[in-house]
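Just so we're on the same page: letters track the sequence lines, and every chain starts at 1.
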Amino acid sequence: MPELPEVETTRRGVRPQVIGRTIDSVVVRERRLRWPLARDFAARLVGATVREVDRRAKYLLFRLDRPPTPAGTLPVPAHAGTLIIHLGMSGSLRVLPAATPPTPHDHVDLVFEHGLVLRLRDPRRFGCMLFTRNDPNLHELLRDLGPEPLSSDFHGLHLAAAARGRTAPVKAFLMDATVVAGVGNIYANESLWRAGIDPRRAAGRIAAARYDALARAVKETLAEAIEKGGTTLRDFLSADGEPGHFRLELSTYDRPGAPCPRCRTPIRAARVGQRSAFFCPRCQR
DNA sequence: AGTGCGGCCTGTCCGC
DNA sequence: TGCGGACAGGCCGCAC
């Protein structure tokens, strides 16, 4: 389900509701996520306060502090650690009144002191929740990630350099998180359409100038999607329960046979790198 | 090292 | 209407 814009939309919805709040208790109804929840998962979180909610690629990072050390006791590190959450294919986070009864697939609740609960729902359980005391960027799941697509570290030259010698289709290359972090299937298709590049073309056989256009297209596409609250295809809802409206802006994704918005040629569907691809056979070369 | 594939899960949709 | 199969927004881990 969620790609970078949906995760960012979730972050923006959740952040103001949990920042500065203390976790009173943790309810685990299902530990079997992508990686089973650690035995001490709840114990690590209870009593901690949310200092910040960040995002790296499609990971949400809840920075946690311990409450201040009472005077006269041994100093406790102020930094408690980071809760890393990935929403996988079907995950969502909602902030709700703590008394809201859980529905099926509501696996984990963080219950806050002000009567609200942060609830993870994830029918397919491809998502995960991990606690780490260390710098999450050094965690094995995050450490090999490429640059953030919306940062200045991401540009055409980076893509061109990374693509040298690569024979995989450019769409698979663009979805490789070690190349650039957080570009999933929807936005890879849309960005390639904007840049006029055939998704099947070998990544190593694309000129540097075209990678400039592609990097720009990725940034524009993601930024516009975030502005519209992400893409709701079937079931994505933001933290406050609202669907995203970028679906209306999609040019190719999930629209086989529809006219290309640029040249009216029917959009074609194909499998590229084991994923569904949608493109205009006329203006993507 | 880079590439391609299987697998993890449940829900939904489509064709018979 | 029921049932099997394909497919779905992600991504790890393996074999080549």
- Query: Around atom CZ of A/Arg29, are there more than 12 heavy atoms of other residues, nucleotides or ligands at under 6.0 Å?
  - Reply: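 Yes, enclosed.
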I need the [atom1]-[atom2] distance between [X] and [N], as an integer number of Å.
X: A/Leu4; N: C/dC11; atom1: CG; atom2: P; value: 10 Å
X: A/Arg56; N: C/dG10; atom1: CZ; atom2: C1'; value: 16 Å
X: A/Asn185; N: C/dG9; atom1: CG; atom2: P; value: 5 Å
X: A/Leu141; N: C/dC11; atom1: CG; atom2: C1'; value: 10 Å
X: A/Met175; N: C/dG10; atom1: CE; atom2: C1'; value: 8 Å
X: A/Glu140; N: C/dC12; atom1: CD; atom2: P; value: 10 Å
X: A/Arg121; N: B/dG11; atom1: CZ; atom2: C1'; value: 10 Å
X: A/Ile226; N: C/dG9; atom1: CD1; atom2: C1'; value: 15 Å

Charged N-O contact under 4.0 Å between [X] and [Y]:
X: A/Arg94; Y: A/Asp106; answer: no
X: A/Glu113; Y: A/Arg21; answer: yes
X: A/Glu190; Y: A/Arg194; answer: no

- Which dot-bracket string fits DNA chain B when only Watson-Crick or G-U wobble pairs with both atom distances under 3.5 Å count, crossing pairs get [ ], and | stands for a partner on a different strand? .|||||||.|||||||
Considering only the [atom1] atoms, how many Å lie between [N] and [M], rounded to the nearest integer?
N: B/dA1; M: C/dC11; atom1: P; result: 23 Å
N: C/dC3; M: B/dC9; atom1: P; result: 25 Å
N: B/dC14; M: C/dG9; atom1: P; result: 16 Å
N: B/dG6; M: C/dA6; atom1: P; result: 13 Å
N: B/dG11; M: C/dC12; atom1: C1'; result: 23 Å

What are the two closest non-hydrogen atoms of [X] and [Y], and how far apart are they?
X: A/Leu142; Y: A/Leu61; answer: CD2-CD2, 4.1 Å
X: A/Thr221; Y: A/Phe246; answer: O-CZ, 4.0 Å
X: A/Asn185; Y: A/Glu3; answer: N-OE2, 3.1 Å
X: A/Gln284; Y: A/Ile197; answer: NE2-O, 2.8 Å

- Task: Would you indicate, yes or no, if C/dG9 has its OP1 or OP2 atom less than 4.0 angstrom from a side-chain nitrogen or oxygen of A/Tyr187?
- Result: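 The answer is no; no side-chain N or O of A/Tyr187 sits under 4.0 Å from OP1 or OP2.
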- Give a yes/no answer on whether the side chain of A/His105 brings an N or O atom under 4.0 Å of OP1 or OP2 in B/dT10.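 The answer is no; no side-chain N or O of A/His105 sits under 4.0 Å from OP1 or OP2.
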- Task: Would you list the pairs meeting ring-ring contact (aromatic ring centres under 6.0 Å, His included) in which at least one residue belongs to residues 256-285 of chain A, sequence neighbours left out?
- Result: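 Non-adjacent pairs meeting ring-ring contact (aromatic ring centres under 6.0 Å, His included): A/Tyr253-A/Phe278.
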Nearest 0.5 Å, what's the [atom1]-[atom2] distance between [X] and [Y]?
X: A/Trp35; Y: A/Leu130; atom1: CH2; atom2: CG; answer: 7.0 Å
X: A/Leu110; Y: A/Ile23; atom1: CG; atom2: CD1; answer: 5.0 Å
X: A/Leu93; Y: A/Ser238; atom1: CG; atom2: OG; answer: 11.0 Å

- Flag the pair A/Phe173 / A/Leu159 as yes when at least one side-chain heavy-atom distance between them is below 4.5 Å, and no otherwise.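 SC-SC contact between A/Phe173 and A/Leu159 confirmed.
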- Contact residues, residues 269-279 of chain A to DNA chain C [heavy atom, < 4.0 Å]: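 DNA chain C contact set from residues 269-279 of chain A: A/Arg271, A/Arg275, A/Ser276.
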- Query: Within the side chain of A/Arg11, is there an N or O that forms a donor-acceptor pair under 3.5 Å with the backbone of A/Val53?
  - Reply: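 Flag set: sc A/Arg11 to bb A/Val53 pair under 3.5 Å.
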Polar atom pairs (N or O), protein with nucleotides 1-3 of chain B, under 3.5 Å:
from  : atom 1 : to       : atom 2 : distance (Å)
B/dT3 : OP1    : A/Thr167 : N      : 2.6
B/dT3 : OP1    : A/Thr167 : OG1    : 3.3
B/dT3 : OP1    : A/Ala168 : N      : 2.9
B/dT3 : OP2    : A/Arg166 : NE     : 2.6
B/dT3 : OP2    : A/Arg166 : NH2    : 3.3

Please list, for nucleotides 7-9 of chain B, all pairs of protein and nucleotide N/O atoms separated by less than 3.5 Å.
from  : atom 1 : to       : atom 2 : distance (Å)
B/dC9 : O3'    : A/Arg125 : NH2    : 3.1
B/dC9 : O2     : A/Arg124 : NE     : 2.9

- Under the salt bridge (Lys or Arg N to Asp or Glu O under 4.0 Å) rule, collect the residues that match up with A/Lys219, sequence neighbours excluded.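 A/Lys219 satisfies salt bridge (Lys or Arg N to Asp or Glu O under 4.0 Å) with no residue once adjacent residues are dropped.
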